[in-house]
Amino acid sequence: MIYIEVNMMEIEKWLNDVLEKKNKRAMPIITFPAATKLNISVKKLINDTDQQVAALKIIKEECNPLAILGFMDLSVEAECFGAEIKVTDNEVPTVVGQLIEDEDDAQALKVPAVGSGRSQLYIDAIKKTKAEIKDIPILGGCIGPFSLAGRLMDVSEAMINCYEEPEMVHIVLKKATKFLIDYISAYKEAGADGILMAEPLAGVLSPVLATEFSSTYVKKIVTAVQDENFMVVYHNCGNNTLKMIDDFKEIKARAYHFGNAINIKKMLELMPKDCLVMGNIDPVEIISNGTPETIKEITLNLLKECKDYRNFIISSGCDIPPLAPWKNIKAFMEVCENYYENDS
């Protein structure tokens, strides 16, 4: 596929501006709640490029985030490989079953073409969105290599296989990495300014295993796709991430996004000051299930706690659920906007 007439942002300049507090804003992981604004189901949204574009325009209008994050879930890439997924009207799709049970299955696994499954719909949505929203970065989304391998082998089995069948895991990881480089490259060609790569399963590994089965492959992907006009945002919401700092520094992504399982201030103390560190208000218990009053209080407290770190960008710890109330989302965005305006 060939895309032309793409207006690429100067990502390096944008990052420097953010670090200098120019136009600093919150950047929650939010896409699926737009379904309620469109009065359509999640099932409809994941299968319709034009509805995804409409949803991202709603996110821009309602939230005015630091960047627009395109649609993704942790099943898209696995579905391309042939995994079965479960889709309901109001929940994000999930993988069911086990595609790879032994090394023979791993050897036989074919790397799918980009465009298979729903991948082309998601790429096209970014291309169309980029044509309509030009003043902030537009980021695609994808799963990370170990998290993808886990969905092909079954998450629990993948953890066991790291000890009992490591060669099988590496076979799957090499194929997952090849596909992800191709997939991200297609986003890049379509005009995306970057990618948010979600690698949550790596966050429950020990640091040694995380290096072998995740970070080594993530680094290959980052090296292959990241440049001055295209950034990688690495997301890991596991509770072991504070023990993986050396790996994160080696990955060399331009931004890192962490979940609410950790203390984000402790992470900021350890991470390089020239890369963005994002997180980490609980998207379920606080943003979705909380009240506007508690959301404002907790969010403001985190902003104040991290005020000395110019590379901190407040965000949800992970993706905000599809049925999260918009009054809560607006409360989160409003307190962030007011804080950043007064802090500039």
Side-chain angles (χ1 to χ4, degrees), residues 1-4 6-9 11-12 14-15 27 29 31 46 49 52 56 67-81 83 110-130 137-152 172-202 214-236 247-248 250-257 275-276 278 319:
M1 71 194 78
I2 297 177
Y3 295 115
I4 58 175
V6 168
N7 179 26
M8 303 293 289
M9 290 196 71
I11 287 300
E12 292 286 357
W14 178 84
L15 286 166
M27 197 177 103
I29 301 181
T31 50
I46 66 169
T49 288
Q52 289 180 25
L56 297 181
I68 292 290
L69 304 177
F71 278 84
M72 67 162 291
D73 57 70
L74 300 180
S75 72
V76 175
E77 297 86 354
E79 184 183 18
C80 292
F81 276 91
K110 302 294 185 185
V111 178
V114 172
S116 56
R118 287 173 286 139
S119 62
Q120 192 63 54
L121 294 174
Y122 285 38
I123 294 167
D124 289 344
I126 291 297
K127 178 176 184 287
K128 291 182 177 181
T129 301
K130 183 67 180 177
I138 309 296
L139 310 181
C142 73
I143 198 171
F146 185 67
S147 299
L148 174 53
R151 277 150 184 82
L152 297 176
V172 177
L173 281 168
K174 288 174 183 177
K175 295 180 180 183
T177 298
K178 171 65 168 64
F179 176 75
L180 290 173
I181 290 173
D182 291 345
Y183 188 33
I184 297 169
S185 297
Y187 270 123
K188 188 176 181 179
E189 193 176 358
D193 299 297
I195 195 85
L196 186 145
M197 178 191 295
E199 183 72 317
L201 191 56
S214 175
S215 302
T216 298
Y217 293 95
V218 171
K219 184 178 180 180
K220 290 179 181 178
I221 295 169
V222 173
T223 300
V225 302
Q226 186 169 257
D227 59 34
E228 66 274 10
N229 291 318
F230 189 89
M231 67 177 174
V232 175
V233 181
Y234 173 86
H235 167 82
N236 189 324
D247 275 7
F248 298 152
E250 281 296 311
I251 287 170
K252 298 187 185 302
R254 290 229 164 64
Y256 297 82
H257 190 284
C275 65
L276 300 184
M278 306 175 180
D319 55 322

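Numbering starts at 1 and runs along the sequence shown. For clarity, every value in this text was computed on a predicted model and none was experimentally measured.
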**Check: Asp124/Tyr122 side-chain N/O donor and acceptor closer than 3.5 Å** = no
**Asked** Nearest 0.5 Å, what's the CZ-CE distance between Arg254 and Met231?
**Response** 9.0 Å
**Prompt:** How long is the gap from CG on Leu201 to CZ on Phe146, to the nearest 0.5 Å?
**Reply:** 4.5 Å
I'd like to know if the side chain of [X] and the backbone of [Y] have a donor-acceptor N/O pair within less than 3.5 Å.
| X | Y | result |
| --- | --- | --- |
| Ser119 | Ser116 | yes |
| Ser185 | Ile181 | yes |
| Asp73 | Val76 | yes |
| Gln52 | Thr31 | no |
| Lys128 | Thr49 | no |

**Prompt:** Under 30°, 30 to 60°, or over 60°: which ring-plane class applies to His257 and His235, parallel, tilted or perpendicular?
**Reply:** tilted
**Request:** Please work out whether the ring planes of Tyr183 and Phe179 are parallel, tilted or perpendicular, with thresholds of 30° and 60°.
**Result:** parallel
**Message:** For a 4.5 angstrom cut-off between non-hydrogen side-chain atoms, does Ser147 reach Glu199?
**Reply:** yes
**Asked** Does the pair Lys219/Asp247 count as a salt bridge with the N-to-O cut at 4.0 Å?
**Response** no
